[in-house]
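Below you'll find the structure, written out as structure tokens, and then a few comments.
In what follows, every chain begins at residue 1, and chains take the letters A, B, ... in the order their sequences are listed. Reckoned from all heavy atoms, side chains included, excluding hydrogens, waters and symmetry mates.
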Amino acid sequence: AGSDKGASASDSGANATKTVATTAAPQETVDQLYAKAKEEGKLIVYSTSGRANDAAETFMKQYPGIKVEVSKVKSDQMMDKVTKEQDAGQFNPDVIVTKEVSGAVFEEMVKQGRYLKYLPEDIAPKVEEPFRTQDEAYANYVEFRTIFYNTAHYKEAPVKNWWDLTTPEFKGKVYTADPLSSPAFMDLFTTMVLHSDEMAAAYKDKFGKDIVLQGTENAGYEFIKELFANGLVVLKGSDDVLDAIGKANSEAIGLAVSGDVSKNEEKGWTIQPIYDIKPKTAVPDAGYLFLAKKAPHDDAAKLFIRWMMGETDGKGEGMAPFNQIGSWVPRSDVITKNQVTFKQLNLWTFDGDALYKAAPKVRDFWIKQK
Amino acid sequence: MNAIEITNINVSIHGKHVLKGIDLTIAKGEFMTFLGPSGCGKTTLLRTIAGLQSADEGTLRIGNKEAVNSATGHYLEASKRGVNLVFQSYALWPHMTVYENVAFGLQVQKLPKDQTQARVRVALANMRISELETRYPGQLSGGQQQRVAIARAIVTEPEILLLDEPLSNLDAKLRIEMRAELKRLHHELKTTIIYVTHDQHEAMTLSTQVAVFFGGKVVQVDKPRQLYHRPRTLEVAEFIGNAGLHLNYIEGTIVGSEGGQRLETSLGFLEVDGEVGETGREIILTLKPEDIRLSEMMGPDSLAVHIEAVFPSGSETLVQTRAGELSLMIRVMGDMEVEVGSQLYAKPRMDRINLYDKMTGRLLEVPIQFIQPREELHHENRFSHSR
Amino acid sequence: MNAIEITNINVSIHGKHVLKGIDLTIAKGEFMTFLGPSGCGKTTLLRTIAGLQSADEGTLRIGNKEAVNSATGHYLEASKRGVNLVFQSYALWPHMTVYENVAFGLQVQKLPKDQTQARVRVALANMRISELETRYPGQLSGGQQQRVAIARAIVTEPEILLLDEPLSNLDAKLRIEMRAELKRLHHELKTTIIYVTHDQHEAMTLSTQVAVFFGGKVVQVDKPRQLYHRPRTLEVAEFIGNAGLHLNYIEGTIVGSEGGQRLETSLGFLEVDGEVGETGREIILTLKPEDIRLSEMMGPDSLAVHIEAVFPSGSETLVQTRAGELSLMIRVMGDMEVEVGSQLYAKPRMDRINLYDKMTGRLLEVPIQFIQPREELHHENRFSHSR
Amino acid sequence: MPQARLVRLRNHTLSRLRNPIYWIGVPALLLLTYVILWPVVKLISTTFVWKVQDARLAPQANPGHFTLFHWHRVLASDISLPLFYKPILHSLVVGVSVSVLSLLFGCVLAWFVTRTDMPLKRMISFLIVIPYLLPNWILSRAWLLFFKNSKIGGTPGILQSILHITPPDWLAYGFVPITLTITVHDSVFVFLLVGAALSAMNSQLEEAASLTGASRLTVMRRIVFPLVMPSVLSAFILIFTKAISSYGVPAMLGTPVNFDMISTMLYASMRSRLMTEANVLSLTLMAITMVTIYINQRVIGKHRSYITVTGKAGAQTLTALGRSKWPVASMMTVLMVILAVVPLLILLLQTFMLKEGVYTLSNLTMHYWWGGSDPAINTGEKGALRNDIFLLALKNSLTIAGISSVIAAIVGLVIGYVVARGRQNWLGRTVDQISFLPYLIPGISLAAMYITMFAKPTLFIPALYGTIAILIVITVVKELPFTVKAGSAALMQISPELEEAAQISGASWLTRFRRILLPLTHKSIASVFLLVFIGAMKEMELIILLVTPRTETLTTLTFYYAEKGYDQLTNVILMVIIGIVITVYLLAVRFGKADLTQGIGGSS
Ligand SMILES: Nc1ncnc2c1ncn2[C@@H]1O[C@H](COP(=O)(O)OP(=O)(O)OP(=O)(O)O)[C@@H](O)[C@H]1O
Ligand SMILES: Nc1ncnc2c1ncn2[C@@H]1O[C@H](COP(=O)(O)OP(=O)(O)OP(=O)(O)O)[C@@H](O)[C@H]1O
Ligand SMILES: [Mg+2]
Ligand SMILES: [Mg+2]
């Protein structure tokens, strides 16, 4: 059921040059798909997120006769796995649930036609930009890296500007997961470098004077440098950061994934993410949904993607695992559990192309700071 | 002073009772040989003395130190006993060269390097293996390995040297040279040596004392010649002497006579001094093949014998002879050119005949004198007695 | 048919040239003994025959199969040669019981279980180790291990049996029993046996042929008695015979005489049949201690000697004597009760004197006859010649 | 005479073919070439070619063409110091320190357990295996539990919160804890390898030394230690390589103080999709190890012999410790309890705690083991044993670990045979070198290459990708360094005469292997089996790329739980894995004579 129709250009805004292989807008109704999918009998999902498992369970209840098998793989490893499989002529997965790896997913998978964009016509209008036309695919949920603080210590968000982190108040009290081993963290810093003008402006806003670069290229790099100079503590992962600031009455703050706020109760943390920081809070880290190239269970795959999207009306149970606090479903017809809506979030756009090119350089800079 | 005093040593290995109450005293400067059949416990006793095998019972004193005392649980470590051992299986260190193997003991004693070197070189030269210095044990022939093992033990000049069949893989010529070296050690350094060998010639020529073992027990401790001539039991008699199988056994009975008792045997009637035992008791006489002289001429005390077979073996010849129903094995030096079937004269040495109780196998310490042939049995073949 | 034909075999181990052009033919059913000093290459040759050591050069035929041919690079695997070997170092498998060790070869041959059992039992019984069946080698004494090694080799009844000092750790009595067992094998099964031993008595009594090795070369192959009496070189002469060190050497020179040549020695002038060699050439006579008879009476051909020392050793006695500047070692059977300093008469056996070229060390095959004492040297101590 | 030469050639070939070193060695070499060398060659070749992605780093990139850019970048650019030189220095220092400590710790333990009459041996040798059962991040966490200071925030360590001593950074993070944690985790390799060698050693060699008056320490140093040198060196190389390539511990304990090692930099490069850089870094590690192995081969040498199992058997006697017997045993037990049992119990306790860190009775629950779905806990995730795929994963894990550990042990011994007996031979040495590479190829890279290599049938190899077989293959390959080293070290101890004696009895190589070599090395085999089994049960990196939903394993299940942050569930699976391994261990000891404390030949 290979419905690979090749590349079709979608032309809009900043991502004018994005050339994306798309499965054409379907005429099929859910019933038609289900009928065909039942013949296929099963489908295989490669997912970076365990939420796909939850969606699969409800899906199998809803559409009996179709078995969903979910493989959990990290997004960068998934790229390797799928590339090698496809090059060897093995087309295993039907659905891909993945996050970006500094633009590499777009460059190395989407552009090559290995991951295919799929957005049913009936749902497309309800999808917020950039995920409707501008981005590489529809994202079923969006998270981002931001500063967390301990509400037991701070009554309100202690940070309003990224440059606050470079002040003596936070010396040795800022934690981050290691951007070297989690690229999504690096993406935030890379984006700051890309938007150095805004960073410079924010600097002026904070300190009331123009930034003086200390041998760095721009305000983005300067920020990283000063962050290190202020005793940034790098920990292994996001959970370590939250552990560091979440327990007890900590005055420390840390950089972590917005979605982690949902673990608060479970872990006994008293932490909150900050949703508005100058110049921009963060860059989105989207959980994209793709069809895989030459998906063997094409119709089941589409049915499942629709299920995860929440179906036409956005009320489908399949979306529930994705619509959580700390993460946003970029659909206008879906009510978020967060206090702010997706549109209200003050985010940079995820510019895969630019990130992809700039990431190594920022990474090098980071390494040199050690 | 005694070098080693062993009292009632009992050793069991994995439940097998190997040494059964050994009592043995070895004087300082003694050259003591252990003789005994394979598996009788010689190695085990050496290991016990060296401190490599723990004893279940008994005491062991080495010099003036108590080494083992089962009653108090005392046990002196092997490394503190001043004893060295040449292992039956050599136990050379495969990762060290010959030089290193031999030098090890001296290095442990922290001897200066030049002295170590000098002494190792001497030991190697004495063992005729100087040119093998840099080889590893795996690159040596069996005999060469054995000599390294000896060199390793003697180079430290221990007070007590235990040697477990140290020359078994050497040729006759080397063996003689090695023996000379051991004798030198024994004399010059007054080393107390305990030696295990299966070569009885070695035992006889080297040692000042021989202990004979059977089944984990000491059955006789004696000077070599004494042991050779007067084995204390039939078992020992049979075991001693290369003759082993060729020992001449002559059965007999104690009979009463006017003067006291005499023995009735197939050799004739033997008169003894005093009482031997109960009349009617069966006895056995032993006579070594080399204690019978064979000659062409009938001499005093000689017995006419027929030659039944001749077994030449280079330096000596065994001659099997018969006199009536009595079969006698006789050993003669060099080649004996004699025809089978011919008649010659055999003359046994009376003082070399040993008398044993057939039942208990114990030596009866009674001097024997020949008296008279049993005319009724040997008409023609008789000893012409002329004393 | 020949069991083994060895032609120009050369073997180097780690660059050391160990076997240097060995040529040797062993007939089927032969009992061949290898004699030679420690390290001369006996084990290496056995290993080469067995196929455990590869040869650099030469050919080896076993039966009618070619086993090694360096020219064509042919090499027959050890397991296909129908040969078994008793290793000098036993090579027992430490993880198997005695029974399993011995049964292994039969199991490999896929013999039915009951037959295997029967044959193993017989072999163990012959080696007197039946009761050790369930023990592991680590639980045995040295001699017991050695017997297991023999049992393991003989149980498969190979066509060719190689034994590398198989009895070195056994006592005299067992050794005789084991020899008998080997002889039985040799006779009953017509097994070709190659035997390495350092016990020359063993070599003489067991074997039908003896090969003498020196430094990786075969120097003499002969019947035992021939070898004993006529060693082909001085080196062999010195090596052979337990006497080793006690061999009597008598130096001399070839001098011209009317009839041809004669030898001038410290024994006197010896007349020889025909030409010996260049006049003026130095020669050496050898005479074994057991080939001199010592007696109290002056007999024909005897020489008056003074007793210098007596070394008794149980079954025999070595007597060191002197006649002028000539020192003679004499061996007599049994105990010799003689006083040092007394005078006796020594009578050498003329036919046992061997004559060697001093330079080359080769035997000169010339019969010797005694002629005349050198009056000018030995006034009183002379042979009284009466022929 | 060309014909004669031909005959000669044919015979030579024939006799070589009959020589096990060749007929095993050559196929082994071919196999290794395909499964190891080929991936490595590919790895090397990528480092000299521009990739499309390189345009990100260098504008001059010309895809497909030769370049030294990557090597230059790693070794001689402005980034080299932090990217390569500092990390490699750290790696080497950690590698050497871990090796030295592990050797000290492992050898001493092994000696006490195998060569003395110390009581409680069985228990102690059992306890020594436990730290290896725990994932090494558990040990790191246990370290932090005690020594954490305020630097990384959160709950302070016990030392600080109870004793009010602030542990300095150097004690809490970086070199010291990394070294100690890896040491505790990996010294079981030394213990088992050296222990197997020691227990096979003829005790007369020790006795001979003590008779010269040498102290125990001298005997250890001059006789025992050098004699088991092949095992010691193997253990050294294994530990060294494991240490320099380990990621989890340095990532957790090194990051807070910027203590980078090559392994962490390599992982970072990989995650940033700078594959070539990662490849260059792993090649530098390989180069280091090659040098180490070369030195090892030189030390083990041509002539030097390490034969301690000979055909003249001697009774194995144990060194009597006398009065110090019990104190030594108690000390070891206490030490091992602290190192092994405490972390294990903490872990076990956690699986019964509804909320982490709440130490009340009411907080105890069996929910995480077999509780039903409760929306209030873990968003309704059921107890681990109730998970639908648990049984499948358990079955798969057992199959993979079981089969691959048996195969690995045998393959290791067979290839080890070539290495040990072919020490003088180019073949033996080459096989030795190649078989060591898998430890240094990052698991992910190897797995990625295996997808390509085994996705389609190649030659006679069927398409294995997607089956359990490929997981077994890669597990066996990945463990080859250990299995081959263990096998060859064990075989070096065995006198070739023992094999020859069987050969002359007419036994084929296979029979010799089965009846002589296998039983003589059974202890070493048992260790190999056990460690590979544990390794396979814990393995994650390697299989994550190769699993498909049908080949889900217990570890992929923990990956799922861990990602979701379900700590207790993760621990439950860990406990299951540990439970299985302990059971297998006990079974092996009971039925497989895999006793790690006894002398050879069952002479008990
Ligand atoms: N691996 C080796 N490297 C170098 N030389 C060796 C090696 N193995 C043996 N040799 C030498 O080869 C020679 C012959 O050894 P072989 O074992 O054949 O002697 P042998 O005649 O059996 O001696 P023995 O009677 O002492 O057992 C010896 O000089 C020995 O040193
Ligand atoms: N580990 C053991 N378990 C059981 N029995 C043993 C063990 N070690 C030795 N023995 C037995 O103890 C006895 C004595 O052994 P030992 O080695 O002392 O004999 P030996 O007199 O030296 O013999 P050989 O002359 O053959 O070397 C032997 O019968 C042997 O079988
Ligand atoms: Mg013994
Ligand atoms: Mg030899």
Checklist outcome for this item: Residues A:Pro360 and D:Leu57: closest non-hydrogen pair is CB-CD2, 3.3 Å

Checklist entry - Do the non-hydrogen side-chain atoms of A:Asp87 and D:Thr452 ever get within less than 4.5 Å of each other? => result no

Checklist entry - Where on A:Glu108 is there a heavy atom nearer than 4.5 Å to chain D: the side chain, the backbone, both, or neither? => result side chain

Item to check | chain D contact via A:Lys357 - side chain, backbone, both or neither, heavy atoms under 4.5 Å | outcome: backbone

Checklist entry - Is there side-chain contact between D:Pro82 and A:Gln369, with heavy atoms separated by less than 4.5 Å? => result no

Item to check | Residues D:Arg73, A:Asp364: salt bridge by 4.0 Å N-O rule | outcome: yes

Checklist entry - Relative to chain A, which segment of D:Thr264 carries a heavy atom at a distance below 4.5 Å: side chain, backbone, both, or neither? => result neither

Checklist entry - For the atom pair CE (D:Met275) and CG (A:Asp76), what is the distance rounded to the nearest 0.5 Å? => result 6.5 Å

Checklist outcome for this item: CD1 of D:Ile79 to CH2 of A:Trp366, rounded to nearest 0.5 Å, is 13.0 Å

Checklist outcome for this item: Highest number of heavy-atom pairs under 4.5 Å with chain D among A:Lys74, A:Met186, A:Lys361, A:Lys173 belongs to A:Lys74

Checklist entry - A:Met79 versus chain D, heavy atoms under 4.5 Å apart: side chain, backbone, both or neither? => result side chain

Checklist entry - In terms of heavy-atom pairs under 4.5 Å with chain A, which of D:Leu81, D:Leu546, D:Asp260 leads? => result D:Asp260

Checklist entry - From A:Lys368 NZ over to D:Leu83 CG, what is the distance, rounded to the nearest 0.5 angstrom? => result 10.5 Å

Checklist outcome for this item: ring-ring contact (aromatic ring centres under 6.0 Å, His included) filter on D:Phe69, not counting sequence neighbours, yields D:Trp50

Item to check | Side chain / backbone / both / neither for A:Glu85 at chain D, heavy atoms under 4.5 Å | outcome: both

Checklist outcome for this item: Distance col, row A:Asp178:CG vs D:Asn258:CG, nearest 0.5 angstrom, shows 8.5 Å

Item to check | Any side-chain heavy-atom pair of A:Asp80 and D:Arg273 under 4.5 Å | outcome: yes

Item to check | Heavy-atom pair count under 4.5 Å with chain D, highest-scoring of A:Lys81, A:Lys236, A:Met78 | outcome: A:Lys81

Next on the checklist: What part of D:Tyr465 gets within 4.5 angstrom of chain A, counting heavy atoms only: side chain, backbone, both, or neither?
Outcome noted: both

Checklist entry - Going through the distances and angles, do D:Ile451 and A:Gln90 end up as a side-chain contact (heavy atoms from CB on, under 4.5 Å)? => result CA-CA 10 Å; D:Ile451 298 178; A:Gln90 287 228 7; over 6 Å; no

Next on the checklist: Assess whether a salt bridge exists between A:Asp240 and D:Arg141, defined as any Lys/Arg side-chain N lying under 4.0 Å from an Asp/Glu carboxylate O.
Outcome noted: no

Checklist entry - Looking at D:Arg56 and A:Glu107, does any basic side-chain N land under 4.0 Å from a carboxylate oxygen? => result no

Checklist entry - Heavy-atom distance under 4.5 Å to chain A: side chain of D:Tyr450, backbone, both or neither? => result neither

Checklist outcome for this item: Looking only at heavy atoms, the pair that brings A:Arg363 and D:Ala268 closest together is NH2-C, 3.9 Å

Next on the checklist: If I measure from the heavy atoms of chain D, does A:Asn53 come under 4.5 Å with its side chain, its backbone, both, or neither?
Outcome noted: side chain

Checklist entry - Which bit of A:Val233 comes within less than 4.5 Å of chain D, counting heavy atoms only: side chain, backbone, both or neither? => result side chain

Next on the checklist: Looking at every heavy atom in both D:Arg271 and A:Val101, which two are closest together, and how far apart are they?
Outcome noted: O-CG1, 3.6 Å

